[in-house]
J.: 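Structure provided below as structure tokens; questions to follow.
Quick note on labels: first sequence line is chain A, next is B, and so on, each numbered from 1.
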Amino acid sequence: MSDSWAGIIFLGTLILALALVHKPLGDYMARVLTTKRHLRVEQAVYKVGGVDPEADQTWGRYLRSMLAFSAVSVVFLYIFLRLQHDFGHPYGVPQMSHSQALNTAASFVTNTNWQSYSGENALGYIVQMAGLAVQNFVSAAVGIAVAIALVRGFARKRTERLGNFWVDLTRISLRILLPISIVFAIVFVGAGMVQNFHHYMDVHTIAGGTQTLTGGPVASQEVIKELGTNGGGFYNANSAHPFENATVWTNWLEIFLLLCISFSLPRTFGRLVGDKRQGYAIVGVMAFLAVLSVGLMLGFQIAHHGTVPTAVGGATEGTETRFGVPNSAVFATGTTLTSTGAVDSFHDSYTSLGGMMTLLNMMLGEVAPGGTGSGLYGILILAVITVFVAGLMVGRTPEYLGKKLGARELKFASLYLLTTPALVLIGAAVAMATPGQRAGMLNTGPHGFSEVLYAFTSAANNNGSAFAGISVNTVWYNTALGIVMLLGRFLPMIFVLGLAGSLSRQAPTPVSEGTLPTHRLLFVGMLTGVTVIVVALTYFPALALGPLAEGLH
Amino acid sequence: VCRSPRSVLEFQVHDVLFVLLIIGVFVGLAIIAKGAEKL
């Protein structure tokens with residue numbers, strides 16, 4: 001079979017599988033988030049935590065619960081990372097530096113999973129399992145909880161109550177993420193991924209040298225790494241490592257896992273607002289942007305523009321030969337369109353315009369389909385902006401799903417949209433303006449700038465993938481990127497929950513002649529346009545200085 | 001690993017500073033959240 005046919009089948013079956021799970025998974029998540037029944041294990045959790053599961057919270061209380069949980073998580077993980085050397089090798093390895101522990105703690109709590117270390121050298125098995133993997137579950141659950149709170153804001157009427165954060169967090173973790181992770185961890189072990197607590201082994205290679213093989217509980221963490229759109233690898237090579245991604249079909253499965261929840265959440269949204277067509281419109285925009293992005297990425301990578309790719313006949317540098325160029329390009333697109341950040345190839349080695357696509361995917365705000373939960377609330381914010389802009393253009397009443405979009409709602413939406421670009425552009429500008437930070441660039445010119453821009457884009461959007469080619473394990477980069485990750489995650493969440501609170505208080509507005517239908521193809525086109533135009537206007541100058549300048553050279 | 005009293009002191013001071021930085025970020029976020037309620 002030719003590479004082209006293999007790539008077409010790989011992509012076609014992936015789209016088909018995502019379409020097949022959209023309805024059952026979306027409906028299941030809707031049931032989990034609306035049922036009145038608490039499982040026994042959940043009741044035990046509430047009892048231990050002193051939570052009244054029947055007490056719904058206002059948006060302010062929901063937000064404070066989420067911030068308190070996240071603050072405690074960061075501090076706990078920081079201390080855990082600093083103490084891991086006491087557990088003994090290979091359960092603990094030499095102590096992480098202060099700034100790297102801060103960066104790593106912020107990274108995993110914010111669902112970013114940016115890694116300024118190599119996992120097999122810097123982390124022992126205990127902190128990987130009891131520290132990072134736990135955050136892989138709960139950070140994903142926090143994202144979904146915030147998205148569902150916003151959906152309840154649209155769905156509920158004349159109430160201050162958006163649900164209970166602790167109940168949402170517990171249910172999402174125990175009923176959605178954990179069962180899927182257990183099933184697929186067994187599948188991954190069957191595929192050949194390692195799952196053990198062995199000490200590191202020195203083996204003699206065929207070439208006569210020696211090599212240290214690390215073990216570890218990899219398969220169990222690999223599923224939630226993708227399913228929760230986390231992306232932090234057990235090994236430095238991430239999903240290019242054979243212990244972490246054993247075969248071509250596990251590569252397919254990893255891409256499927258990192259996309260399945262985010263592509264199914266619009267169905268949950270449609271169910272909760274009582275109009276499934278609204279969910280189809282949202283998933284339509286996500287799917288259109290995703291397919292467009294995959295197409296462009298494949299085009300740029302297969303055309304292998306650039307001196308070296310042209311010389312060797314393909315953009316193979318930085319790709320894993322087991323997966324090849326097309327499958328690597330699909331993985332890179334999937335990982336940057338979501339907030340995953342896992343990699344099975346190295347984005348720094350991509351063609352200049354292929355590398356630009358990875359940047360552009362993140363700059364879109366990761367809404368196609370985006371991270372678990374964050375993708376849904378991101379695109380709903382853009383839908384609010386679209387309805388408002390459409391109202392200005394054609395004189396329609398700005399209302400969405402029966403809720404009026406007034407000054408207060410637009411303030412929250414605008415603040416949301418401004419936060420991430422501000423963090424990306426100010427962060428990259430400060431790094432480029434200071435000689436000490438510029439010294440960390442391993443390339444000069446546009447490519448070097450792209451590396452710095454990518455680091456801040458990845459951190460602020462909570463993606464976590466790295467362009468590489470830049471020394472980020474310094475006190476400045478660890479601290480700056482750590483703070484950017486925290487602000488990039490929680491500032492937008494404040495505005496999302498503020499918007500949710502503002503919407504839930506309103507009485508429903510009946511549909512009238514002046515109401516813009518938001519389930520039709522026209523709205524899908526408008527929302528797609530607004531998403532792309534907002535990104536183009538915000539980031540075009542920065543892209544022109546980096547990958548565009550390099551690509552057009 | 002044996003540490004000199006000086007390095008132990010540095011260890012503690014740096015850790016306290018970084019934990020304070022984390023808490024400071026979250027206090028800042030809580031203040032912004034309070035401000036958002038008045039929007």
Side-chain angles (χ1 to χ4, degrees), chain A residues 58-64 66-79 81-83 85-86 94-95 97-103 105-106 109-110 407-412 414-416 419 475 478-479 482-487 489-491 493-499 501-502, chain B:
Chain A
T58 61
W59 79 266
R61 198 165 178 82
Y62 199 99
L63 173 63
R64 284 192 290 278
M66 187 273 292
L67 284 178
F69 175 76
S70 302
V72 169
S73 298
V74 179
V75 173
F76 173 78
L77 193 51
Y78 173 86
I79 294 169
L81 288 162
R82 293 285 294 151
L83 294 178
H85 62 293
D86 290 328
Q95 198 174 40
S97 71
H98 308 91
S99 62
Q100 198 170 38
L102 166 84
N103 184 282
V109 172
T110 57
R408 185 177 159 84
E409 288 75 23
L410 264 296
K411 278 180 199 167
F412 282 123
S414 305
L415 285 167
Y416 176 97
T419 301
V475 174
N478 275 330
T479 311
I483 292 171
V484 165
M485 285 186 265
L486 290 171
L487 297 179
R489 173 74 162 176
F490 297 114
L491 273 177
M493 282 182 167
I494 291 173
F495 304 130
V496 168
L497 289 172
L499 175 63
S502 186
Chain B
V1 177
C2 294
R3 295 196 188 95
S4 68
R6 182 185 162 83
S7 69
V8 170
L9 186 66
E10 282 174 355
F11 170 84
Q12 289 169 342
V13 168
H14 276 103
D15 280 310
V16 169
L17 286 175
F18 274 92
V19 170
L20 282 176
L21 178 63
I22 295 166
I23 293 169
V25 170
F26 277 95
V27 169
L29 287 165
I31 292 168
I32 292 169
K34 199 76 189 160
E37 285 182 28
K38 292 173 188 157
L39 271 180

J.: Quick check on A:Y78 against chain B: is it the side chain, the backbone, both or neither that has a heavy atom closer than 4.5 Å?
T.: side chain

J.: If I compare all heavy atoms of B:F18 with all of A:S99, which pair ends up nearest, and what's the gap?
T.: CE2-CA, 3.7 Å

J.: What distance do A:S70 atom OG and B:L29 atom CG have between them, rounded to the nearest 0.5 Å?
T.: 9.5 Å

J.: Do A:T479 and B:L21 make a side-chain contact, defined as non-hydrogen atoms from C-beta onward lying under 4.5 Å apart?
T.: yes

J.: Heavy-atom cut-off 4.5 Å, strictly under: side chain, backbone, both or neither for A:L491 against chain B?
T.: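 Both backbone and side chain.
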
J.: Is the number of heavy atoms from other residues, nucleotides or ligands under 6.0 Å of A:R61 CZ greater than 12?
T.: no

J.: Could you pull out the closest heavy-atom pair between A:I494 and B:A33, with the gap in Å?
T.: CG2-CA, 3.9 Å

J.: If you compare all heavy atoms of A:A71 against all heavy atoms of B:F26, which two are closest, and at what distance to 0.1 Å?
T.: CB-CG, 3.5 Å

J.: Between A:R64 and B:E37, does any NZ, NE, NH1 or NH2 come within less than 4.0 Å of an OD or OE carboxylate oxygen?
T.: yes

J.: For A:L67, is it the side chain, the backbone, both or neither that has a heavy atom under 4.5 Å from a heavy atom of chain B?
T.: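 Its backbone and side chain both get close to chain B.
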
J.: Looking at chain B, which one of A:L63, A:L497, A:L102 has the largest number of heavy-atom pairs inside 4.5 Å, strictly under?
T.: A:L102

J.: Calculate, to the nearest 0.5 Å, the distance between atoms CG and CG belonging to A:L415 and B:L39 respectively.
T.: 6.5 Å

